[in-house]
Q: 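Below is one structure. I have some questions about it.
Lettering follows sequence order; numbering is per chain, from 1.
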Amino acid sequence: MPELPEVVVTLQGVLPYILGKKISHVTIRNGNLRWPVPKDLSVILNNRKLESGRQRSKYMLFRFPHGHMMIHLGMSGNLRVLPDDSLPEKHDHVDIFFDNKVLLRYSDPRRFGSILWVEGNPEEHKLLRNLGPEPFSAEFDASRLYSLSRGKVISVKQFLMDNKNVVGVGNIYANEALFLSGINPKKAAGRISFPAYGALVFNVIEVLSSAIEQGGTTLQDFSGNDGKSGYFKQELYVYGRGGKPCLKCTSLLREIRLGQRSSVYCSTCQK
DNA sequence: ACGAAGCCCTGCAAGC
DNA sequence: TGCTTGCAGGGCTTCG
């Protein structure tokens, strides 16, 4: 479910309810996620105040006086703030109770996500240490993609989705950004020109920021959210439209697999 | 070093 | 109707 925009919007949505609040306890119903949820998370967090929250890649970092809780939503996860007497459903795996009568609920049917506790600088954590720059940072530019890609024969789409090059570009937005840039997704990364990478950088930023904007307006109130409205209503040009007419030139969109991910493109508009 | 493939897991839709 | 198959927005790990 979550691409970067959803992570950003989720964080924006839950923080106002829990920032500066103390945790009373944590209930783990099923800690069997991508990695095990620390069994003693309740002991670790008991009576600790949430100082801040931020996003790095698709991880959410919640800072406490003695460390960070690091949450990833995987493929199907979501995080909601609810009244503290809300009954759990099937895949509501972890509840974090705060002292203002709310709970932060982690649900994840496929359990590809994770909740980890990190002491010290989270940027040095194994999972964050080797990540590339954020898409909204100055480090993400055409020069970076151009120089990193020289000699690479993998497809430009897979290159774009590799977290070492830039983080946060998932399958939907990789498809969309390539379409908007007029770049064929299966073209070798090493054969993309500098100006084309310029266009790609611009469109990645464009497509992610407009999704965040729209997510922010559709998901203003995270308290009591049913968790199902978390999909951006943004118009998608290619993703999920294989076989349908291109919205720019009406030729039929092709659907192929690159790196085991569905990839949709227009062979007329994307060269 | 690089790139391809496997794997973790459940739910759902399509096809037979 | 009911079963089987394949696919889903992620990403770490292993293998060649």
Q: Strictly below 4.0 Å: does A:H91 bring a side-chain N or O up to OP1 or OP2 of B:dC9?
A: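 Indeed not, no polar side-chain atom of A:H91 lies that close.
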Q: Among the nucleotides B:dG3, C:dC12, C:dG9, which one has an atom lying closest to any side-chain atom of A:S262?
A: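 Side chain of A:S262 sits closest to C:dG9.
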Q: Please report the distance separating the P of C:dC7 from the corresponding atom of B:dA5, rounded so that it comes out in whole Å.
A: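 It comes out at 14 Å once rounded to the nearest Å.
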Q: Can you check whether A:G74's main-chain N or O pairs, donor with acceptor, with A:R110's side chain at less than 3.5 Å?
A: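 Side chain of A:R110 to backbone of A:G74, a donor-acceptor pair under 3.5 Å: no, none is there.
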Q: Under 4.0 Å between a side-chain N or O of A:H72 and OP1 or OP2 of C:dG11?
A: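 For A:H72, the contact criterion (side-chain N or O under 4.0 Å from OP1 or OP2 of C:dG11) is met.
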Q: Calculate, to the nearest 0.5 Å, the distance between atoms CG and OG belonging to A:D92 and A:S86 respectively.
A: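 The distance works out to 9.5 Å.
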Q: Of the nucleotides C:dC12, C:dG9, B:dG3, which has the atom closest to the A:E3 side chain?
A: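 Nucleotide nearest to A:E3's side chain: C:dG9.
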Q: If you measure from the P atom in B:dC9 to the same atom in C:dT14, how many Å do you get, rounded?
A: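 It comes out at 16 Å once rounded to the nearest Å.
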Q: Are OP1 or OP2 of C:dC12 and a side-chain N or O of A:Y59 less than 4.0 angstrom apart?
A: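 Yes.
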Q: Starting at CG of A:D162 and ending at C1' of B:dG3, how long is that distance when rounded to a whole Å?
A: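 Answer to the nearest Å: 10 Å.
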Q: Without decimals, in angstroms, what is the distance between A:I172 CD1 and C:dG9 P?
A: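 About 7 Å, once rounded to whole Å.
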Q: Can you confirm whether more than 12 heavy atoms, excluding those of A:K21, are under 6.0 Å from its NZ atom?
A: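 Counting neighbours around NZ of A:K21, more than 12 heavy atoms of other residues, nucleotides or ligands fall under 6.0 Å, so yes.
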Q: Please report, rounded to the nearest Å, how far the C1' atom of C:dG10 is from the CG atom of A:N78.
A: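 Result: 16 Å.
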Q: Separation of A:N171 atom CG from C:dC7 atom P, in whole Å?
A: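 Those two atoms, CG and P, are 13 Å apart.
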Q: Among the nucleotides C:dC12, B:dA4, C:dG9, which one has an atom lying closest to any side-chain atom of A:R34?
A: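 Among the listed nucleotides, the one closest to the side chain of A:R34 is C:dC12.
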Q: Could you tell me whether A:F97 atom CZ has more than 12 heavy atoms of other residues or ligands within 6.0 Å of it?
A: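 More than 12 within 6.0 Å, yes.
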Q: Ignoring hydrogens and angles, state whether a donor on the side chain of A:K186 or A:Y265 is under 3.5 Å from an acceptor on the partner side chain.
A: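 Checked: A:K186/A:Y265 side chains pair up, N/O donor to acceptor below 3.5 Å.
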Q: Within this structure, what is the CG-to-P distance between A:L160 and C:dG10, rounded to whole angstrom?
A: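 Taking atom P of C:dG10 as the reference, CG of A:L160 is at 12 Å.
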Q: Can a side chain N or O of A:Y239 be found less than 4.0 Å away from OP1 or OP2 on C:dG9?
A: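 For C:dG9, OP1 or OP2 has a side-chain N or O of A:Y239 closer than 4.0 Å.
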Q: Of all the nucleotides listed (C:dG11, B:dG3, C:dA8), which has the minimum atom distance to the side chain of A:R110?
A: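 Within the option list, the nearest is C:dA8.
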Q: Got a donor-acceptor contact below 3.5 angstrom from the A:E134 side chain to the A:S57 backbone?
A: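 A pair under 3.5 Å: yes.
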Q: Check whether any side-chain nitrogen or oxygen of A:R257 sits under 4.0 Å from OP1 or OP2 of C:dA8, and answer yes or no.
A: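 Answer yes for this pair, as a side-chain N or O of A:R257 is under 4.0 Å from OP1 or OP2.
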Q: Side-chain N or O of A:R261 less than 4.0 angstrom from OP1 or OP2 on C:dG10?
A: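 Yes, because at least one side-chain N or O of A:R261 sits under 4.0 Å from OP1 or OP2 of C:dG10.
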Q: At under 4.0 Å between heavy atoms, what does A:K126 touch on the DNA or RNA strands: base, sugar-phosphate, or nothing?
A: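 Sugar-phosphate contact only - A:K126 comes under 4.0 Å of backbone atoms but never of a base.
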Q: For the pair A:K126 and A:R129, evaluate side chain to side chain contact (heavy atoms under 4.5 Å, CB included) and give the outcome as yes or no after the intermediate values.
A: CA-CA 5 Å; A:K126 186 187 169 195; A:R129 206 169 35 202; 3.8 Å; yes
Q: How many Å lie between CZ on A:F112 and P on C:dC12, as a whole number?
A: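 Roughly 13 Å, once rounded to whole Å.
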Q: Among C:dG10, C:dA8, B:dA5, which nucleotide has an atom closest to any side-chain atom of A:Q260?
A: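 For the A:Q260 side chain, the nearest candidate turns out to be B:dA5.
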Q: I need the CG-C1' distance between A:L131 and C:dG10, as an integer number of Å.
A: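 About 13 Å, once rounded to whole Å.
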Q: Would you write the dot-bracket representation of DNA chain B, where each base gets (, ), [, ], | or . depending on whether it forms a Watson-Crick or G-U pair under 3.5 Å and with which partner?
A: .|||||||.|||||||
Q: In terms of heavy-atom contacts, does CZ of A:F202 have more than 12 from other residues, nucleotides or ligands at under 6.0 Å?
A: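 No.
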Q: Once you apply a heavy-atom cut-off of 4.0 Å, does A:R111 come out as touching a base, just sugar-phosphate, or nothing?
A: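 Since only primed, P, OP1 and OP2 atoms lie under 4.0 Å of A:R111, the category is sugar-phosphate.
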Q: Base, sugar-phosphate or nothing for A:L73? Non-hydrogen atoms, less than 4.0 Å.
A: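 Contact class for A:L73: none.
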Q: For the P atoms, the ones on B:dG11 and on C:dC12, what distance do you get once it is rounded to whole angstrom?
A: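 Between the two P atoms, the distance is 24 Å.
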Q: Could you state the atom-to-atom distance from NZ of A:K90 to P of B:dT10 in whole Å?
A: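 After rounding, the gap between these two atoms is 8 Å.
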Q: Mind checking what makes side-chain contact (heavy atoms from CB on, under 4.5 Å) contact with A:R34, not counting sequence neighbours?
A: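 Checked A:R34 against side-chain contact (heavy atoms from CB on, under 4.5 Å); matches are A:S114.
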